[in-house]
Every structure is written in structure tokens, then in C-alpha cells.
Amino acid sequence: MSLNWKEIDAVLQELDLKGTFIQQIVQPGFDSIALHIYKSGTGTTLFVCLAGGACRIHGTRRSVPKNDKPLRFMECLRSRIKGAKIINVKQIGKDRIVKMELIHCGEEFFLYIRLWSGAANILLTDSNNKIIDSFYRRPARGEITGGYFVPPEERDDSPTDRQWQIRSFSDLPDSDKLSFNQKVDLWYGEHAGQLSRETLIEQATSFFNAKHSRMENAINRLEKKREDFLQSEKWKHYGDLILTYGHLIDGESDYLECEDYENGGIIRIKINSKKNAQENAAEYYSIYKKAVSGISELEDDIQKAKREILDLEAAFENLCKEPNPIKLQQLLRKQTKPKQQIVKKRPGISYQIDGWVIFVGRTATENDELLRHHVKGQDMWLHTRDYAGGYVFIKNQPGKTIPLEILLYAGNLAVHHSKARKAGKAELYYTQVKYLRRAKNGPKGLVLPTQEKNLFIELDKTRLKRLEESIET
């Protein structure tokens, strides 16, 4: 239920805004705005909400969070009336329209606040009621820049006037000790529809449960895939058996039944009857190779997904502790930052250890993307010799030489994210990015290094453990 006209009058009389200055303007969302008012060494915040069923104006002691995205109407008010003096504030008749008369740098403005649930709006006009801008632009009503706002005629009585009453809000704790503005602020913070804390917590719980379930399902799928990959030796064994007993393929049956020379039992292997032994074995070897190369990425993806679930649970726990419904509403919005301020996610995995940043590309696409857009000539590049694997980059720090310890950390990553991982050791070469050149007509991400140096790495579990804890999110 929105404030009625008597309650609006009670709010304005208690605030006594005449002669105050607008110190700052904050728009936390798309249905509310706050004016920070200052007078004689004391300040207050005038909060205006235009949400349907909860239209109101009142003072608040709550912290009103700033939106990361600069919102149009807020920017307009800041450019025109920030620092303005409030000459007078009154409600026009009994129409729930508050008229605020302002003066700033010798220029006069009117700020009309219409608190109708079906057509709430805030309009800034000049002294002739020509609209400078409006909170909601409504062309059908003429409430657009350049239009004119015609305020209703002021009247004291109306034959259709209902006998509205000022609510006591006696259900609030210690209500007899609170001012009327404090009562309004507290009551609407708990009961006001879209801005009700209870409603917002319900929305947050629903969103959390749905997202948590999706993330758990994703982890289950990854772990099932990992189980399949862990059986990679089975696919290689099948390929070996097909080559051994290829003479039994008759061109009709889709299964090869033969003796398993490892345990002496009989085994049936699914094959393509239209292909020969070499072709069928090649398919199983291909599955084996994909499984071996994919297990490393899967482990990383599973750990990352588990960290994301922990982050989600922590964020939900903090959100449930937030007492301010205005802040809650802002936290629930999916995106408050403008696109220009959103940092594009870097491909691959990033680590930060002892003040040094290390990037790892796990696939040809990630390697290529890192090379093209995220590293520079002075950065260091590492890669395993004689083994396929990801590229590792150590970001350069001007005036500093990469310490041996950091080089060893990066080397461990290079081996860990390569096909040398199973062997546990490998030869690496490393050089600066400026000494890499792309292979002409070569596959994506392929580079030819020059002025490279050699490094032998044997995987160190202690280093890998510390690296896992230093992943940047």
C-alpha cells in the first residue's frame, strides 16, 4: 500500500525541508532515488520510491548504495540541481504530488514527485514547467524532454475525497519511540512488495537453489566424464585386441569376440563390421588419446566448478545477512556495471604467486587468444619439448628479472598441462614472446621460437598444490 496524502503531509511536515541544500543525488535502482539533504551541520537522506503499491517519500537512515552503472535521470539531476537550495516543498492539494521549488546558480527549477501507483513519476522542470527530464519517459502523457507538465489545480476539499487516516505502524518494535519517518522507513523495508526484505530474500533463495542445482549437475556430468576418461587404458587395450584378432572380423557381425590375453577370459568388443581391423583399432586409439589429453582439463574444470559453488554459497550467506532491502535489491540485479567497465574474461587459467602473474592456455584456441590479445613482447613463454601441451606465459614486470623460483612454478604448469604429465617430467624451452613467430599456414596457435633456452622440470606436488591455491577467480 502506497502512502496516502495525509501520510505524505505528515512526512513533509516532520522533515521540514525548506532552506536545506541538495548535497548529493543517488539512484540505487530503476524505481527509486535518494537526495542527500544538508542544513545547519546536519544531514538526512530523502528517499523516493516509485514501485507499484509502495509509492512513498520519507527520510531514511539506511545507507543508499550507488549503482555502478550511471543512470540517466540521476545524471541529469546531478548536472542541474546538485547543490541547489530547496525554497519550498508542499503537496499539491490532496493529489499525492509533491512540488519542490529549487534554486541553483540563480536559476529556478521545480521537481514534481507524483506518487500514484499506476503512474508514478518524477519530473524536473524549469520555472515555466517545461520538462527538462523525467524519471520515466511517457510520451502518451507528454512526459518527455521538451514537453510541459500541467500540475493539478490546488484544492482543499473534494466531494470524492475518502477519509484517509495516518497509520500508526504499531506493529513495529518500539514504535512509540520512533519518528513518523522512521516508522515509514522500517515498515516499508519489511512489507513493501518489490522492496520488501522478505520478498527479496525469497527471490534470492529461489535464484540460489536453481543456480546451485545447475552447478551441482554440471559437476556430476564432469565427474562422470572423468570416470570415463579414467578408463582410457581400456580403449587402448581394445585397439590392441582388435589388431591381434583382426583376422576374426567377418564383415557381418558388429562385435569381435576373442580371448583377452591379459586375464584369459572371453571379451566382446563393439566394432564397425564394414571397416577392417586397422580402422576399427584406430577409432579406439583416437578415443584413448582424447581421454588422456582431456583428463587434465577436466580436473581443472571440476576444481573451478567446486570453487564457484563455494563462492555462490558464501555470497548467498552474506546476502541473507544484509538488513538493507535497498542494498538487497541491488545485489539481486544480474548486472549493474556498464559494459565499458566490465573486464573481458581472460581465456585459460590465471595464477598469481609471489607478486607474479602466470597465464596458462589449455587448448589451441586459448593459446592463440592469449598470444593475440593478452601478452606482450617482454612476457616469457614456456612450452614442453616433444610433447603437445598448453602455452604458459609469465607476465613481465618492468625493471625486474624473473626469479628462478617463478620460472620453476611456470615450468611445473607447462608439464602439468601437457601430455608429459603422465611421465611426471619433461624438457622445456622458454623465450620471450617477441622471439616467437607464427608458422606460415600452420594450425591455430602454432609458433616457432628463437633464442630459446632449455629447462628440465620434474613435477613437484608441493609447488602444484600452492599453484592451485593461487588461481585468480
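Here, residue 1 is the first one in the sequence, and each next residue gets the next number.
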Flag, side chain of Ser213 to backbone of Ala210, donor-acceptor distance under 3.5 Å: no
Any donor-acceptor pair under 3.5 Å from Gln27 side chain to Met74 backbone: yes
What is the distance from atom CD1 of Ile402 to atom CD of Gln378, rounded to the nearest 0.5 Å? 10.0 Å
Under a 3.5 Å distance rule, please check whether Gln182 uses its side chain to pair with a backbone N or O of Leu178 as donor and acceptor. no
List the residues meeting side-chain contact (heavy atoms from CB on, under 4.5 Å) with Thr145, not counting sequence neighbours, and say none if there are none. Asp133, Arg137
Can you label the angle between the Phe47 ring and the His58 ring as parallel, tilted or perpendicular, going by 30° and 60°? tilted
I would like to know whether Asp368 and Arg438 meet salt bridge (Lys or Arg N to Asp or Glu O under 4.0 Å); could you show each step before the answer? CA-CA 10 Å; Asp368 188 65; Arg438 297 186 180 278; 3.1 Å; yes
From the options Glu223, Glu216, Glu313, select the one residue that forms a salt bridge (charged side-chain N to carboxylate O under 4.0 Å, His left out) with Lys306. Glu223
Contact summary for Val392 and Leu413, nearest pair of heavy atoms: CG2-C, 4.1 Å
Can you tell if the side chain of Lys425 reaches within under 4.5 Å of the side chain of Phe456, non-hydrogen atoms only? yes
Do Trp356 and Tyr351 have their ring centres less than 6.0 Å from each other? no
Report yes if the side chains of Val447 and Tyr391 come closer than 4.5 Å at any heavy-atom pair, otherwise no. yes
Please evaluate residues Glu283 and Tyr238 with respect to the criterion side-chain contact (heavy atoms from CB on, under 4.5 Å), reporting the C-alpha separation (whole Å), side-chain torsions for both, the decisive distance (0.1 Å), and the verdict. CA-CA 10 Å; Glu283 287 189 2; Tyr238 283 178; over 6 Å; no
Would a 4.5 Å heavy-atom cut-off, applied to side chains only, mark Trp381 and Leu436 as touching? yes
Would you say the side-chain atoms of Arg56 pair up with the backbone N or O of Ala51, donor to acceptor, closer than 3.5 Å? no
Could you go through Tyr188 and Leu3, starting from their C-alpha distance and side-chain angles, then the distance that decides it, and tell me whether this counts as side-chain contact (heavy atoms from CB on, under 4.5 Å)? CA-CA 10 Å; Tyr188 278 96; Leu3 288 182; 3.7 Å; yes
Taken to the nearest 0.5 Å, the spacing of Tyr112 OH from Leu123 CG works out to 9.5 Å
Pair Asp185 + Arg61: basic N to acidic O under 4.0 Å: no
Salt bridge flag under 4.0 Å for residues Glu468 and Arg307: no
Could you state the interatomic distance from CG (Asn276) to CD1 (Ile271), rounded to the nearest 0.5 Å? 10.0 Å
Could you tell me whether the side chain of Asn121 and the main chain of Arg114 form a donor-acceptor pair under 3.5 Å? no
So, Asp240 and Lys236, do they make that salt bridge, N to O below 4.0 Å? yes
Between Arg80 and Leu102, is there a side-chain heavy-atom distance shorter than 4.5 Å? no
May I ask you to test the His247-Tyr245 pair for a side-chain heavy-atom distance under 4.5 Å? yes
Can you tell me if Ser418 uses its side chain to pair, donor with acceptor, with the backbone of Gly389 under 3.5 Å? no
Under 4.5 Å between any side-chain heavy atoms of Asn272 and Glu279, yes or no? no
Could you please spell out the steps behind the side-chain contact (heavy atoms from CB on, under 4.5 Å) verdict for Ile33 and Leu77? CA-CA 11 Å; Ile33 200 162; Leu77 293 188; 3.7 Å; yes
State, with a plain yes or no, whether a side-chain heavy atom of Cys258 is found less than 4.5 Å away from one of Ile267. yes
Can you tell me how far apart NZ (Lys376) and CD (Gln432) are? Round to the nearest 0.5 Å. 14.0 Å
Atom of Asp250, atom of Ser253 and distance for their closest heavy-atom approach: OD1-N, 3.0 Å
Is it the case that the side chain of Arg78 and the backbone of Ile25 share a donor-acceptor pair, with hydrogens and angles ignored and the cut-off at 3.5 Å? yes
For the NZ atom on Lys434, are there more than 12 heavy atoms of other groups (residues, nucleotides or ligands in this structure) within a distance under 6.0 Å? yes
Any salt bridge linking Arg466 with Glu405? Criterion: basic side-chain nitrogen under 4.0 Å from a carboxylate oxygen. no
So does Thr45 get a backbone contact from the side chain of Thr60, meaning a donor-acceptor N/O pair under 3.5 Å? no
Quick one: does any side-chain atom of His416 pair with a main-chain N or O of Leu459 as donor and acceptor, under 3.5 Å? no
With a 6.0 Å cut-off (strictly less than), is the heavy-atom count around NZ of Lys211, excluding the residue itself, greater than 12? no
Separation of Ile269 CD1 from Glu257 CD (nearest 0.5 Å): 10.5 Å
Hey, could you give me the CD1/OG1 distance between Ile37 and Thr42, rounded to the nearest 0.5 Å? 11.0 Å
Could you tell me whether Tyr38 and Phe21 have their ring centroids closer than 6.0 angstrom? no
Before giving the answer on side-chain contact (heavy atoms from CB on, under 4.5 Å), spell out for Leu46 and Thr20 the whole-Å C-alpha distance, their side-chain angles and the decisive distance to 0.1 Å. CA-CA 11 Å; Leu46 183 66; Thr20 60; over 6 Å; no
Could you tell me if His374 and Asp379 have a donor-acceptor pair between their side chains, going purely by distance under 3.5 Å? no
Can you confirm whether Thr384 sits close enough to Ile457 that some side-chain heavy atom of one is under 4.5 Å from a side-chain heavy atom of the other? no
Anything under 30° is parallel, anything over 60° is perpendicular, the rest tilted; go ahead and classify Phe208 against His212. tilted
